[in-house]
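Chain A is the first sequence line, chain B the second, and so forth, proteins listed ahead of strands; every chain is numbered from 1.
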Amino acid sequence: MSGDHSHNDSQIESGSRYNDSHKHKDKYKDKEHRHKDHKKDKEREKSKYSNSEHRDSSDKKHRDKDKERLKLKDGSSSDKQKDKHKEKKKEERSFDGKPKKERENGFASPFIKSEPENDDFYHSPKHEKSLKRERDDDDAEVKPKKIKTEDDRSEKKAKKRKQVEEDIKPKKKTKDKKGEVATDGKKKAKKEPEDKWKWWEEERYTDGVKWKFLEHKGPVFAPPYDPIPSNVKFFYDGKQMKLSPEAEEVATFFAKMLDHEYTTKDIFRKNFFKDWRKEMTSEEKSKISDLNKCDFSEMSEYFKAQSEARKAMTKEEKLKIKGENERLLQEYGFCVMDNHKERIANFRIEPPGLFRGRGDHPKMGMLKRRIRPEDIIVNCSKDSKHPKPPHGTKWKEVRHDNKVTWLVSWTENIQGSIKYIMLNPSSRIKGEKDWQKYETARRLKKCVERIRSQYREDWKSKEMRIRQRAVALYFIDKLALRAGNEKEEGETADTVGCCSLRVEHLSLHQEMDGQEFVVEFDFLGKDSIRYYNKVPVEKRVFKNLQLFMEDKEPEDDLFDRLNTSILNKHLQELMDGLTAKVFRTYNASITLQQQLSELTNSEENVPAKILSYNRANRAVAILCNHQRAPPKTFEKSMQNLQTKIDAKKEQLADAKRELKSAKADAKVRRDEKSKKAVETKKKAVQRVEEQLMKLEVQATDREENKQIALGTSKLNYLDPRISVAWCKKFEIPIEKIYNKTQREKFAWAIDMAEKDFEF
DNA sequence: AGTCCGACTTAGTAGTTACACA
DNA sequence: TGTGTAACTACTAAGTCGGACT
C-alpha cells in the first residue's frame, strides 16, 4: 500500500508559497493576465452587488428561509413526507461502523433523569428535566459509577461500546493536569466537573437533530472605535487634515499594516482606497483622491508606540487584562447544550479591518465592515434564556433550529459568505463528528483494494468521463489531493484541487531521472500553497493523461468531463459515506500506523521514540503537503543548537577522560572509595551521553521540520486512537504527543483506545 | 445537469505566553 | 532577570460536500 505511495522529499524542498517563488510568480502572473480579459465583465457585474446591495439580497434570502421553516413546522403533509424520507436516508448514513439495528431505536426510553450540572452556570432548572437527552437505564454493570456524571446507559450502548472499543475497562482517570499552572488551577478546579463527561459512552442522535436544548449568552462584539488622540495627525499632500471618525477608523486599519508587504501591492491599495472613499464625507472624498498622497506615518508611529507600551506594562496591568479576558471567557465562552456546559470556539465577533486573503487574492485590501447586532442571527432553544442584544439594539433574528450546530451567524461582506460561532473541538457535537470521520475512513480500509482495482479497470474504459474519473481518483488516492471544487473566477485566489487541475499544472515526461512515465505537478492548492511533485505513474495513466491533454490550451481543464459532484456521486456508490476527502483521512491515518510500526524501536529511549513518532507524523504531513513558512529565526536557532551540541561533546570528552583516570586510579589503589569514584564517573558519562543524544535528536527533528507543519495532520487527519495506542504500547506519556488542548479534543480516543487498537 | 448556498471541516499565521538559559 | 525561542492559542480564510432550486 504505502509502497504505492512514493512521496518525494524534493516536493518539500522546492515547495513554497507562491509569493515566495519568483519563477512561479511570473508564471502565474502571466496567466492571470490572460484570464483577466474575459473575467472583466463578470467582475463588473459582481462588484455592483458587493456592498450595500448585498445586504438586501441576503435579507431576502433569510425571508425565504423563514417561509421555508414555517412550512416545515406546521408542515403540509407532503412536505413532511418528503422530510421524513430525507431524514431516514441521512440516518442510515450517519452512523459509521455501527450496525444499523443498533441505531434504529435511538432513545426510545421514557426514562429521564435530571442530573444537576455541577455548576450553576446558566442554570435553568425548569427546562432541564424535559430537555435531557433520553437514555435507557438497564446495563448498570458495564461501567463503574461515578458520583455525578451520567450513569444511565443502555444495553445497546454497552454493545456498541464493546464493539467499537473492544474491551475498554474503566480507567483510572487520566490525570493530565499535573504540569499545569495558575490559570488552569483557577478555572478548572472550581468549574470543571471532577469527572469529565464521557459523551462517547452515550447514545447519539439519529435523526439530524443536533441538540434538544441550547442556551448561550450571544457573541461578544468588537470594541467600538477608539479615536486616536488629536495630536496624531494625518497629512494629505503634505497638508494636515482632520478626518471624520468613520474615515479615520478605516485609515487606522491601513496605518497599522503599513509595515506589511501587501500595503505595497496594487490590488490591495486599489481595493482599500475604493472602500475607504465610501466611508469618507463628501468633503473628504473631494479632497482625497490619491492614496499616494496620503501620509499615515504619524498614525503608524502611534500604533507602534502603543504596542511597545503594551509590552512594557507592569505585571499588575497585564494581570488585570488577563483577568478581564478570563471574566469574558467565563461569561460568554460557554453554552449549555443538552445539560452540559460546553466551551465555545469563537465567541468574539470578528472585528472590522482590511481583508487579507491568502495568495494572490483579488479582494485583498477591501474593508471588512463592522458587525452590528442587527446583522446577527441567534440560534438557541425556544425555551432557553435568550441572549440579550446590547442595550438599544436588536438581533436580526432569533431562530430555534436544532438541526444545525451553530449558536450565532452573520453574513460577511467580502465574499457574502456566512460566518458562524460554534463549539470547541472538545465538545460532544464536534467530537462525535470527528470520531465518525475516522470510522468512515476505517470502513474505506476494508474496501479500498476493491476500489483500487475498479479504478484501474476504469482506466481502460471506452468512455472518456469514466477514464477521467478513474485517473482523478487515482491521484486523490495516491497523492492525497483534495477534491478540487470549481471556484468563481475573480472572487478568490486562483487555486486548484484534483478535479479543477488545468493542463498547465502538469507536464508529462516519458522519461525523467531514470524513471519512466513521470508526471510533474506544479500548482497552487488550498491557501495558495504550492504543490510540486514528480511522480512516476503507470503507463496506462500516462497514456490517459496524454489523451486528456490533447488539443487543449494550457488554461483548459484537464478533466473536462468531471467535477467533484460527479466524482462524489460515484464514490457514494462504491461505499456508503465515501467522498474524496475520506481518502485523505484514510491514507494519512494508515500511513501513520505503518510508519510508526516501521520506525519505532522498543529498545530506544523516550526521546528517540518521540523522534520516530515525529517522523511518522512528518511522512503524513509530506503526503498531505502541509507546509509552513520556515520560522524567521530558523537559521539562528539552528546555529545555537549546534553550539550547544559542540559544548556537550566537549563535556562528554572531559567526562570520559575523568572516567579513564578514575579507572586507572582504582586499578592501582584497589579500594572501595576509588571503585565508587569510578561508578560515579561512569554515571556522569552516561548522563552527558544522554544529554548529547537528546540534543542531537532535537537538531535532526528541527532540521527535518523546517518547512513542514505537523499540526494540521495531527489535528485533522490522524486517527488519535493510533497515537494513543502507540503511547500505551511503548509507555510514552500522552503529554509528549498531545498538549492540553489536543488532549481535550481527543479525550474520547484517549479514553477508549487500548494498546492493541488497530486503525 | 448545473448553480447556488448553507453548514461544517481544514488550513496557515500572527500574536501571546511559557520557558530555558545566560 | 532579562532575553531569545519554542509552544500554544486565537483567528479567520479557504476548502469540502450536500441539498435546494432551476
Distance test, side-chain N/O of A:Ser417 to OP1/OP2 of B:dC5, below 4.0 Å:
no
Answer yes if the side chains of A:Lys648 and A:Gln651 hold a donor-acceptor pair under 3.5 Å, and no otherwise. yes
Quick one: do the A:Glu326 and A:Gln330 side chains pair a donor with an acceptor below 3.5 Å?
-> yes
Would you list the protein and nucleotides 5-9 of chain C atom pairs, both N or O, that sit under 3.5 Å from each other?
unit_1 : atom_1 : unit_2   : atom_2 : d
C:dT5  : OP1    : A:Asn640 : ND2    : 3.0
C:dT5  : OP2    : A:Lys636 : NZ     : 3.2
C:dA6  : OP1    : A:Ser637 : OG     : 3.2
C:dA6  : OP1    : A:Arg702 : NH1    : 2.6
C:dA6  : OP1    : A:Arg702 : NH2    : 3.0
C:dT9  : OP1    : A:Thr741 : OG1    : 2.3
C:dT9  : OP2    : A:Thr741 : OG1    : 2.6

Do the side chains of A:Val209 and A:Lys403 get nearer than 4.5 Å, heavy atoms only? yes
Comparing A:Arg348 with A:His361, nearest DNA chain C nucleotide closer to 5' gives the residue A:Arg348
| Do other residues, nucleotides or ligands put more than 12 heavy atoms under 6.0 Å from A:Glu650 CD? | no
Using a heavy-atom cut-off of 4.0 Å across all strands, would you classify A:Thr495 as base, sugar-phosphate, or nothing? sugar-phosphate
For the side chain of A:Lys368 and the backbone of A:Leu354, is there at least one donor-acceptor N/O pair under 3.5 Å apart? no
From the candidates B:dA7, C:dA13, C:dG18, the one with an atom nearest any side-chain atom of A:Trp406 is B:dA7
### Task
Look at A:Asn346 and C:dC11 and indicate whether a side-chain polar atom (N or O) is within less than 4.0 Å of OP1 or OP2.
no
Taken to the nearest whole Å, CZ/A:Phe347 to P/C:dA10 is 8 Å
So, do A:Phe521 and A:Leu479 sit near enough that their side-chain heavy atoms are less than 4.5 Å apart? yes
Is the closest basic N to carboxylate O distance between A:Arg442 and A:Glu439 below 4.0 Å? yes
Separation of C:dG19 atom P from A:Ile566 atom CD1, nearest Å, is 17 Å
| field | Exceeds 12 heavy-atom contacts within 6.0 angstrom, atom NZ of A:Lys320 | value | no
Between the protein and nucleotides 9-11 of chain B, list every N/O to N/O distance that falls short of 3.5 Å.
unit_1 : atom_1 : unit_2   : atom_2 : d
B:dT9  : OP2    : A:Lys430 : NZ     : 2.4
B:dT9  : O3'    : A:Lys581 : NZ     : 3.3
B:dT10 : OP1    : A:Lys581 : NZ     : 3.0
B:dT10 : OP2    : A:Lys437 : NZ     : 2.8
B:dT10 : O3'    : A:Tyr717 : OH     : 3.0
B:dT10 : O2     : A:Lys526 : NZ     : 2.6
B:dA11 : OP1    : A:Arg482 : NE     : 3.4
B:dA11 : OP1    : A:Arg482 : NH2    : 2.8
B:dA11 : OP1    : A:Arg584 : NH2    : 2.7
B:dA11 : OP1    : A:Tyr717 : OH     : 2.8
B:dA11 : OP2    : A:His626 : NE2    : 3.1
B:dA11 : OP2    : A:Tyr717 : OH     : 3.0
B:dA11 : O4'    : A:Lys526 : NZ     : 3.3

Inset, instruction - Return no unless some side-chain N or O of A:Lys311 is found under 4.0 Å from OP1 or OP2 of B:dG15. - result: no
By nearest-heavy-atom nucleotide on DNA chain C, the more 5' of A:Ile349 and A:Thr579 is A:Ile349
note: A:Lys322, atom NZ; C:dA10, atom C1'; distance rounded to Å ~ 15 Å
Whole-Å distance, A:Asp494 CG to C:dA14 P, equals 13 Å
A:Asn413 atom CG is separated from C:dA13 atom P, nearest whole Å, by 10 Å
Counting the atoms with a prime plus P, OP1 and OP2 as sugar-phosphate, which does A:Pro351 contact under 4.0 Å by heavy atoms, base, sugar-phosphate, or nothing? sugar-phosphate
Counting C-beta onward and ignoring hydrogens, is there a side-chain heavy-atom pair between A:Lys745 and A:Asp434 closer than 4.5 Å?
yes
Here the distance between atom C1' of B:dA14 and atom CD of A:Glu350, to the nearest Å, is 15 Å
### Query
What nucleic acid atoms does A:Gly484 come within less than 4.0 Å of, heavy atoms only: base, sugar-phosphate, or nothing?
sugar-phosphate
task: Could you check whether A:Ala580 gets within reach of a base, just the sugar-phosphate, or nothing at all, counting any heavy atom under 4.0 Å?
output: sugar-phosphate
Would you tell me if any nitrogen or oxygen in the side chain of A:Lys368 comes within less than 4.0 Å of OP1 or OP2 on C:dA13?
yes
**Report entry** B:dC8 OP1/OP2 closer than 4.0 Å to side-chain N/O of A:Lys210
**Finding:** yes
Sorted by position of nearest nucleotide on DNA chain B, 5' first, the leading residue of A:Thr405 and A:Lys318 is A:Thr405
### Message
Side chains of A:Thr564 and A:Glu486, heavy atoms from C-beta outward: is any pair under 4.5 Å?
### Response
yes
Which of B:dG6, B:dC8, C:dG18 is nearest the side chain of A:Val404? It is B:dC8
